[in-house]
Amino acid sequence: MGFIINVAYFAAAVLFIVGLKQMASPVTARRGIVWAGWGMVIATVVTFLHPEVRGFINYLLIILGIGIGGGLAWYTGKRVAMTDMPQMIALYNGMGGGAAAGIGIVALMGSYELSWTIQFIAVLGVIIGAVAFSGSLIAFAKLQGLITKSLRFDMQQKINLGVLGATVLLGIIISFSGAQVNGALLTVFLLLALAFGILMTLPIGGADMPVVISLYNALTGLAVGLKGLVLDNAALMIAGIVVGAAGTLLTQLMAKAMNRPISNVLFSHFGETSGGDQSEVTGTMKEIEASDAGVMMAFADKVIIVPGYGMAVAQAQHKIWELTQLLQERGVTVKFAIHPVAGRMPGHMNVLLAEAGVPYDIIYDLDEINSEFKTADVAIVIGANDVVNPVARSNPESPIYGMPILNADQAKNVIVIKRGKGAGFSGVENHLFFADNTRMLYGDGQKAASELISSIKEIG
Amino acid sequence: MIEGFVALYIFMLAAFTGYEVISKVPVILHTPLMSGSNFIHGIVLVGTMVALGHAETTAQMWVGFIAVILAAGNAVGGYVVTERMLEMFKSSKGAK
């Protein structure tokens, strides 16, 4: 029996790695998740034969648990809107972290004979898993709008450090306290680790959440890998550590795309130290009617659309795709320019556009498209703000200075579709809106897009 | 039993694999890929099953039971949302 189980776990590990590899390219991505899914099915089914799994009640609870957890996740996962995807990922990830911590707790409750090294690794896994669990729940609550304030108080970092120190200290005591760990000690230890995850995540602002979620994803992977060592299970070790490493890289890539070093995300707060952008804005905002904007686009050779999260909130992506098709029929080249942080996490905007039916090969990222704005007749900015603010290039005083931006200002004409006149997420005035070649089209994204469509249709 | 140093080798090789596999991923796939890797650590389900299957006292069973629920949520939820996202990626040429 042991042989079959090992073969199955090996096959699962291979399927996971190949699946992950395929997920890294848009052409094969769909197949990748299906392969990884089969890996999971094989590993799960064969575990029912595991020699360490025994007892009628135990089997019953396993099946019941899979039914409850799997059923709830299936139901919520099928129903969640694409705009809410980031927080759902956070939630599912947190559950994985909690599960890893749970394994560690069970092992430390004396169900296994552990050497002190393994016991220490189990303790480490509990800390990491518990932090990923409670931290992810806070991240979920923040993105879902359940927590709107970023809690900050004096001495915060020192208190957090104190909690972490106490957790680690207790962990070390537990590691050396032999197979029968005191239950109360274990409970306090778990609660402290959970508290640290909460305290660490509370002060982090909503804009930085994607990086944090990605970090917790990597941490859960690491915790799972450590549990593999405790349980002597190679499938857990390999899959966990592969995700731990891939997640770490992904976190770095995201942080880089947002021009926010990871240490800044975790230990400082966006906009807190900036004295505000005091530079004078020259020029005025100039309004345009939808009919005029429609004409401008209809007779252009090349149009670049810059969508932001505002577009998704207004549910305008379907209208924008309709507009795109209309322009394409007239022979206009239309391209989408996606800033790495458009949407709520890198790649989120692509998902939202894909949902509307926009093919991925007319969607370009920052490096690919930035040189093309010079040759574009019209750049349409819809629901985006900070990511097209030229201040990031020109003004070292500005809090967003240095952030890579889309050079929409270099297009011959810029049309900004915007609800009102306010500043962006960072609170910085956008100089693009005041530029000579920029026209503002005020209104709800979906309504504005509809008006553009009808005005182009009228031209015939 | 996986001996200490063998475990260390597995960890090292797995870490390099994870790093290499996604080192050239385009930004458009960051969100689905994060979701996909989130699904893969759902393998923790296997661990929770063993832990619960092995549990003897009532307290161990309770913790194990909660862990299985959480792990199943991780695996199933991770799969469903990743698959839904990737399903939508289409090329304009109409090919898959």
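So that the names make sense, note that chain A is the first sequence line, chain B the second, and so on, each numbered from 1.
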Between A/Leu249 and B/Ile22, does a side chain to side chain contact (heavy atoms under 4.5 Å, CB included) hold up when you go through it step by step? CA-CA 8 Å; A/Leu249 177 62; B/Ile22 67 151; 3.7 Å; yes
Using the side chain to side chain contact (heavy atoms under 4.5 Å, CB included) rule, take B/Val46 and A/Val46 through it: C-alpha gap first, then chi angles, then the decisive distance, then the call. CA-CA 9 Å; B/Val46 166; A/Val46 92; over 6 Å; no
Test A/Ile89 against B/Met34 for side chain to side chain contact (heavy atoms under 4.5 Å, CB included), laying out the working first. CA-CA 8 Å; A/Ile89 298 174; B/Met34 179 158 129; 4.3 Å; yes
Stepwise salt bridge (Lys or Arg N to Asp or Glu O under 4.0 Å) check, B/Glu20 with A/Lys21: CA-CA 9 Å; B/Glu20 279 303 313; A/Lys21 175 79 195 163; over 6 Å; no
Would A/Ile238 and B/Ile10 satisfy side chain to side chain contact (heavy atoms under 4.5 Å, CB included), going step by step from the backbone distance to the final call? CA-CA 7 Å; A/Ile238 293 169; B/Ile10 294 177; 3.7 Å; yes
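Listed by chain and residue number, A/Ile305, A/Thr324, A/Leu327, A/Gln328, A/Val332 satisfy the side-chain contact (heavy atoms from CB on, under 4.5 Å) test with A/Val334 (two or more places apart in sequence, or in another chain).
Once rounded to the nearest 0.5 Å, the distance linking CD1 of A/Ile103 with CE of B/Met49 reads 11.5 Å. Expressed to the nearest 0.5 Å, how far CE of A/Met40 lies from OH of B/Tyr79 amounts to 10.5 Å. Taken to the nearest 0.5 Å, the CZ atom of B/Phe65 stands 10.5 Å off from the CD1 atom of A/Ile62. A distance of 6.5 Å separates NE2 of A/His348 from OG1 of B/Thr31, quoted to the nearest 0.5 Å. With rounding to the nearest 0.5 Å, the separation of CD1 in A/Ile33 from OG in B/Ser35 is 7.0 Å. Rounded to the nearest 0.5 Å, atoms CG (A/Leu236) and NE2 (B/His41) are 11.5 Å apart.
Within a 6.0 Å radius of CZ in A/Arg54, more than 12 heavy atoms belonging to other residues, nucleotides or ligands are found. Heavy atoms from other residues, nucleotides or ligands lying under 6.0 Å from CG of A/Leu49 number more than 12.
Counting heavy atoms from C-beta outward, B/Asn38 and A/Ile213 have side chains that stay 4.5 Å or more apart. Counting heavy atoms from C-beta outward, B/Val68 and A/Leu61 have side chains that stay 4.5 Å or more apart. The side-chain heavy atoms of B/Val50 and A/Thr47, taken from C-beta on, include a pair separated by under 4.5 Å.
When heavy atoms are compared at a cutoff of 4.5 Å, B/Ser23 approaches chain A by way of both its backbone and its side chain. Both the backbone and the side chain of A/Leu226 come within less than 4.5 Å of a heavy atom of chain B. Proximity to chain B (any heavy atom under 4.5 Å) is restricted, for A/Gln252, to the side chain, taken from C-beta onward. For A/Ile66, the parts lying under 4.5 angstrom from a heavy atom of chain B are both the backbone and the side chain. Residue A/Leu353 does not touch chain B at all, counting heavy-atom pairs closer than 4.5 Å. Of the two parts of B/Ile40, the backbone and the side chain both hold a non-hydrogen atom closer than 4.5 Å to a non-hydrogen atom of chain A. Using a 4.5 Å cut-off between heavy atoms, A/Leu231 contacts chain B through its side chain alone, with no backbone atom that close. If you measure heavy-atom distances from A/Val230 to chain B, you find no contacts under 4.5 Å at all. With a 4.5 angstrom heavy-atom cutoff, A/Phe48 touches chain B via backbone and side-chain atoms both. Residue contact with chain B, scored on non-hydrogen atoms closer than 4.5 Å, involves the backbone of A/Ser25 exclusively. Both the backbone and the side chain of A/Met23 come within contact range of chain B, with heavy atoms under 4.5 Å apart. Contact annotation for A/Pro86: neither backbone nor side-chain heavy atoms come within less than 4.5 Å of a heavy atom of chain B. Residue contact with chain B, scored on non-hydrogen atoms closer than 4.5 Å, is absent for A/Leu91. For A/His50, the part lying under 4.5 angstrom from a heavy atom of chain B is the side chain only. B/Glu83 touches chain A through backbone and side chain together, each having a heavy atom under 4.5 Å away.
Heavy-atom pairs under 4.5 Å with chain A peak, among B/Val80, B/Ile43, B/Thr82, B/Leu45, at B/Ile43. Contact count against chain B (heavy-atom pairs under 4.5 Å) is highest for A/Phe16 among A/Phe16, A/Phe133, A/Tyr75. Annotation: maximal heavy-atom pairing with chain A below 4.5 Å, among B/Ser37, B/Gly42, B/Ala51, occurs at B/Ser37. When the candidates A/Ala36, A/Gly98, A/Gly240 are compared by the number of heavy-atom contacts under 4.5 Å with chain B, A/Ala36 comes out ahead. Among B/Glu87, B/Met85, B/His54, the residue with the largest count of heavy-atom pairs under 4.5 Å with chain A is B/His54. Chain B forms more heavy-atom pairs under 4.5 Å with one residue of A/Met88, A/Met349, A/Met82, A/Met254 than with any other, namely A/Met82. Per-residue counts of heavy-atom pairs under 4.5 Å with chain B were compared for A/Gly357, A/Gly37, A/Ala13; the largest is that of A/Gly37. Chain B forms the most heavy-atom pairs under 4.5 Å with one residue out of A/Gly19, A/Ala235, A/Ala101, A/Pro26, and that residue is A/Pro26. Highest contact tally toward chain A, considering only B/Pro32, B/Ala67, B/Gly64, is held by B/Ala67 [criterion: heavy-atom pairs under 4.5 Å]. If you tally non-hydrogen atom pairs under 4.5 Å between each of B/Thr57, B/Thr17, B/Val76 and chain A, the highest count goes to B/Val76. Ranked by heavy-atom pairs under 4.5 Å with chain B, the list A/Asp365, A/Ile105, A/Thr220, A/Ile68 is led by A/Thr220.
Between B/Ala72 and A/Gly70, the closest heavy-atom pair is CB-N, 3.6 Å. Here the closest non-hydrogen pair linking A/Ala73 and B/Gly77 is CB-N, 3.4 Å. Contact record, A/Tyr92 with B/Gly78: CD1-N, 3.9 Å, taken as the closest heavy-atom pair. Scanning both residues, B/Ala15 and A/Ile241, for their nearest heavy atoms gives N-CG2, 3.5 Å.
Neither side chain, A/Asn350 nor B/His30, offers a donor N or O lying under 3.5 Å from an acceptor on the other.
The list of side-chain hydrogen bond (donor to acceptor under 3.5 Å, both in side chains) pairs with a residue in residues 56-68 of chain A, not counting sequence neighbours, is empty.
Judged purely by atom type and a 3.5 angstrom limit, B/Arg84 uses its side chain to pair as donor or acceptor with the backbone of A/Gly77.
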